[in-house]
Every structure is written in structure tokens, then in C-alpha cells.
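Letters A, B, ... mirror the listed sequences (proteins, then strands); counts begin at 1.
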Protein chains: 2
Amino acid sequence: MTPEVRDKVRAAAEELSYAVSRNASGLVTGRTCRVAVVVPSLRPWYFASVVSGLGHALHEAGLDMLVHQVGHLEDWIHTLPLRHNSDALVAVALELTEEQCAHAADMAGPVVLVGERLPGRASVHIDDHAGTAGATRHLLNLGHARIAYIGSRTDGGMSLSSTARLNGYHEAMTEAGLEPWTVTKSPGPGCGELAVGELLSHQSPPTAVLAESDNVALGAHRALRRSGVPVPGAISLMGFDDHDVSSALDLTTVDQAPQTLGRVTGHLVADLVQGRRPSDTCVELPVQIVPRQSTAAPRKRRTSP
Amino acid sequence: MTPEVRDKVRAAAEELSYAVSRNASGLVTGRTCRVAVVVPSLRPWYFASVVSGLGHALHEAGLDMLVHQVGHLEDWIHTLPLRHNSDALVAVALELTEEQCAHAADMAGPVVLVGERLPGRASVHIDDHAGTAGATRHLLNLGHARIAYIGSRTDGGMSLSSTARLNGYHEAMTEAGLEPWTVTKSPGPGCGELAVGELLSHQSPPTAVLAESDNVALGAHRALRRSGVPVPGAISLMGFDDHDVSSALDLTTVDQAPQTLGRVTGHLVADLVQGRRPSDTCVELPVQIVPRQSTAAPRKRRTSP
DNA sequence: CTGTTAGCGCGTTCAC
DNA sequence: GTGAACGCGCTAACAG
């Protein structure tokens, strides 16, 4: 085929806006150029950010992204037409068992976990432990000693991520020779408020509060505001996520760069799908403290009269 | 085929976790059971909500969702492998020309616009005009007269949605016999702050501010807080979107239920794809004022000495 | 290096 | 009613 013929063909293809059918080519190559992403919901800021980064990275690699929102873990794999329909599966923030992963891998090829980890499975996640440990030390360095940790806990226990965050706080407190003070409430919009309610009813409330997530911190902030407790005047408040609301509320927090998480995952998946050997199949990304105006040195103790 | 054989086949399929290849079936039927969604980005709360609702509705209809994030309008259609790869196209918040729509429809089948509208094209959007008109009346009813509108404007002009919002404000003000007062800044995080800066430098600042979106209101709120202007004490502030931050900041706003927008779009697309006649191909959804604590009656004018 | 052909997995049709 | 054969659009392997 001469170059000029090539050009004519190209021009014709352009003219008719021809595009190869990945449907048909996938049929013969066995590769669909599609990656299935399973996520609890697209609505929360964190998930949306991860999937956004993922989408950009996959697009760069020439892969399309199928997004599935699945609430219940049990039936998710049955409702998904996976076999022959995607080259890989990305599970965002899903606590899967090894069996579920194996089953999924059997049907959908490589499985990559985001925000969770499972021994032997490819995963991308942040260093939750270091995040809360660093956050706790930030508060310690400001001079706080009575630092409470507020978080969510379902009846079924805590996710790996939640556990790691709690442990980071515990470790930093213990290292400093201080007693950890943990309050957990059931997840949901009222979580932070309820936790603050409990803390404020204590005879000697904390001078600083570290929340498991910005969402929890948000509720806490509202409860403190409504109770007339100045932040950071009386209580310093710190979140975890760097949610949009955090900058809105000038909330000190821990940036976990979810979009980067997604982007790194995308590159990893592309390597896996396209037969390249990824340098590392289990990536842990660092986090970063973002100091803002909701944390300050504790008010001097009023000397008793 | 006897029923018992059917059952045995079903059992075997279950056992081997067999799933029909939409790839192959699409090849022969011409239907891919896939819908392409094009959205500027998944990160902003509004887009994530729309796509989330869309995903749920499509899933119910047995359709998979391909998500494409595209920033630049010009090349978006070339980068997307559309032909034979999706049954329909949903464009979220993209200002398309009729030519682009026609081209897209030629390649991807039915095109549905969300958050925008184009004569003759299927679209789902909210009543922006009624939203800002209602919001303005809310402020008028509280007793405000000097009500400013702040929004964003690029060099290229305003989107239909922005224009509709501005017009709603204009109309309500004119109806009340008051002079509209509009301040627009270039979009971005600094938009609200800059607008408030301009308003506060006026010799007689407004007593109420209506923002084009919660994002703008957010910046405005921050600027007011930093300037020590009490909200709603000195200035009432109102947003538009019912973003998460709005409830966090107790901001009065206009709920536009983006997830419902997505869900309605999903049903419409499913009807179109599956050959049903949709009842209406151009849906306008109502909005609702959400009163919170950032709006109140204006402070009594201090009588001059 | 170019042109031809088989067959990927499935739905439809046509013959039985 | 059941079953076989064709072809959807494409790629890979092979023959010229």
C-alpha cells in the first residue's frame, strides 16, 4: 500500500467518521480495551475524585472506563456482566475477601484494589496510619495533650482504612505517653455531631479533636459552632481528606490526593492490561498535612481562683 | 428443550460463572447495551451527582455506562470511539452546537443533553430561570431591596444555564421595581471572593447577595468571614445548587437535585435505546428553595444622627 | 510485503 | 417444535 493510498484511506475514514469497533476487534483479540470500575457510589467527593483520576489515566492509555455503582457486596459480581466485557477490574474502597477477588479475577482478568489492600492482590492506597499519626503529632506539637479521636464504626466492625487511621492516632498518643481517647458513632451525617455531643458532655472536654474524615469533622464543626464553642479558640479541630468543605471551613486536614490515587491506579491497570510489567504492584502513596485555621495552640488553662 | 434441561444449563452457567459477551451479541444485534456519558469532569460535586443518578438508572435498565471526561469541546468527538461502541450518548453540561450534536447522533445514536438544551434535541435540565427568580423573591420577601447578583463570566460569554439564572434574577428585580445589580468575575476559585470585594468597596453595599452557584457563594462566604462582615447579620447570602458545603455552612440555597436529573436522564435514554416512545423528550425539572441560616431580614437602617 | 481467509461468540434465519 | 448454518466487523495467521 503506497503512502498516498494510505492518506486517501485516512481521509475517507475521517470523512465518514469511521472508528474501529472495539466490540468486533475485542471479539478476536480477546481484549476489550475496557476497564470495569466498581465503586460504592460516585457521589461522595472522595470516590468521584478517585474515579476521575482513574478515568484520565485510562483514557491516556487508550482504555475506556465502565463505571458500576454497587452498594451491596454480596450480589455485585452477579449483576455485572464481566466475562469478555472488560480487561480488568478496579474495585474502589470495597472490602473484598480473597475468594471474591479470585472469583472476580477469574471473570474479569487483573483485579486492582484502591483504598483497600489484600495480601497478594494489586492495590493502591494511602498511608492512613502515617496520616493520623502525623496529624496527632501536629496537634501534640501545638501543645495539646487532651486529644480526642472521633470516627465511625458499624456493627460489622471497621474497614482496614479506618482501623489504620485509628491505629496511627493510638500509636502517636502512646508514643507521647498520653492516653488515647476515642469516640465512635455509627456512620452517617450525624456521626460527627453525636461524637462532639459526647465529648462536650465530659467534665473536662478535649482541647483538640482529630476526626477520622472530613465528613465527620464537618458534623463536628457544625455541632461546635451551634454550641458556641470557638474553633480553634477552645477546641482545635482537624479532619482527614482535604475535602472541598475543608478549605471552605478553613479546616486543618490531611490531604490524601484521591485523584492521584486514581491516576496511579490507572497507570498500573494499563500496565497490567497491556502486558507490561508494572514496577510495583502494591503502591502506597504518602499523605500530607494541610495546616489551616482550625488548629492552634491550646488556650492557657485558667488558673483556679 | 425441556424445563429440566433448562435448569441444568442454568446451573452449569452459574457454576462456570458464564455471562453472555455483550461484545459478541452486540456485533450481531447492533446494540451494545452501553451508553457513553461525556462530562467535563467527574470531580465537581454537581457532575458526580448527575452521573451517579444516571448510572443507577442505566443499571436498572440493563445498560452499562461508559464515562468519558473531556475538557476541550473541539476534539472530544474524535477521541471517542463511538461508532458501534455505544447505543446512545449523554452529554452532561456541554454546550454543543447543532452540528456537533448531529455528528454525534450520526455516530452514537440518540443524543441526550443534560443541564443544557438545544432546540429539537432531547434534553433534561432544571428551570434555572425559576430558581433564581424564586431565590430573588425569597430575599425580597425578607425585606431586602439592595440585592446584588454575583456570577462568573468567561470571555466567550455565558452558558445557557448561567444566562437563564441571571435572567431570573433580573426579571424578579424588575418586577419588584428594583434596579438589578450584577457583578461577574472570571470563573474559578477566586470568583466569589473578587465579587464580594467589589461589592464591599461600594459606598452603600448590598444587604443581600445572590450567587450564581454554591461555589461562588462559597468564595463569597469566605471573603465576608475574613472581612468580619456577619452573615446574615449585615449581609444575607444565598447560593444555588445545594452543594454539600451549603449545608455545612448553613447556606440558604436552591436545590436542583442533580441526582434526580441523572436518574430522569437515564430513564429517558433507556426508553430511547430500547425503542420505547418516551413520554417527553425534553424534560424540565423544578427546583426548590432550601432556607437555612444565611438569609434573614435586613438589619434596620441606622438612622442618621 | 501484500492479499486472502478463517474464525472470534453470539443471534437470527431457514430448513427440517 | 429443534437444530444447523450464516454472518455481524474485525484481526491474525498464512499463502502468494
Side-chain angles (χ1 to χ4, degrees), chain A residues 1-36 58 61-66 68 77-89 103-110 270 272-276, chain B residues 1-36 61-64 66 68 77-89 103-110 270 272-276:
Chain A
M1 190 193 291
T2 62
E4 63 192 29
V5 175
R6 278 171 48 104
D7 284 352
K8 278 180 100 170
V9 172
R10 277 200 194 288
E14 180 82 10
E15 177 92 19
L16 302 166
S17 65
Y18 167 87
V20 296
S21 160
R22 292 191 164 172
N23 247 9
S25 62
L27 195 53
V28 38
T29 59
R31 290 191 38 237
T32 61
C33 293
R34 249 169 251 136
V35 173
L58 291 176
L63 296 167
D64 283 351
M65 179 172 68
L66 285 163
H68 301 271
I77 211 161
H78 301 290
T79 71
L80 264 48
L82 287 178
R83 185 183 290 279
H84 297 299
N85 286 306
S86 61
D87 294 342
L89 180 71
H103 185 196
D106 191 38
M107 297 188 61
L272 252 27
V273 163
Q274 291 162 2
R276 270 165 277 146
Chain B
M1 190 192 291
T2 63
E4 63 193 28
V5 175
R6 278 170 49 103
D7 284 352
K8 278 180 101 170
V9 171
R10 277 201 192 288
E14 180 82 9
E15 177 92 18
L16 301 167
S17 65
Y18 167 87
V20 295
S21 159
R22 291 190 164 172
N23 247 9
S25 61
L27 196 51
V28 39
T29 59
R31 292 193 36 235
T32 61
C33 293
R34 251 169 250 133
V35 172
L63 296 167
D64 283 350
L66 284 162
H68 302 270
I77 212 160
H78 301 290
T79 71
L80 263 46
L82 286 178
R83 186 182 290 277
H84 295 300
N85 286 307
S86 61
D87 296 341
L89 180 71
H103 186 197
D106 192 37
M107 298 189 62
L272 252 28
V273 163
Q274 291 161 2
R276 269 165 277 146

* Structure fact -> Tightest non-hydrogen contact, residues A/Ala270 and A/Ala61, listed as CB-CB, 3.5 Å
* **Shortest non-hydrogen separation from A/Thr32 to A/His84 and the atoms involved** => CG2-O, 3.3 Å
* Neighbour count >12 (heavy atoms, 6.0 Å) for atom CZ, B/Arg276 -> yes
* **From A/Asn23 atom CG to B/Ser25 atom OG, the distance as rounded to the nearest 0.5 Å** => 8.0 Å
* Mind running side chain to side chain contact (heavy atoms under 4.5 Å, CB included) on B/Gln274 and B/Asp87 for me, showing each step along the way? => CA-CA 9 Å; B/Gln274 291 161 2; B/Asp87 296 341; over 6 Å; no
* Five pairs at each end of the helix from C/dC1-D/dG16 to C/dC16-D/dG1: take the axis at both ends and give me the angle between them to 10°. => 50°
* Take B/Arg34 and A/Leu66, measure what side chain to side chain contact (heavy atoms under 4.5 Å, CB included) needs, and give me the verdict at the end. => CA-CA 9 Å; B/Arg34 251 169 250 133; A/Leu66 285 163; 4.1 Å; yes
* Answer yes or no: is there a side-chain heavy-atom contact under 4.5 Å between B/Asn85 and A/Arg22? => yes
Could you list, one pair per line, each protein nitrogen or oxygen that sits under 3.5 Å from a nitrogen or oxygen of nucleotides 8-12 of chain C, together with the distance?
from   : atom 1 : to      : atom 2 : distance (Å)
C/dG9  : N2     : B/Ala24 : O      : 3.3
C/dC10 : OP1    : B/Tyr18 : OH     : 2.6
C/dC10 : OP1    : B/Ser21 : N      : 3.4

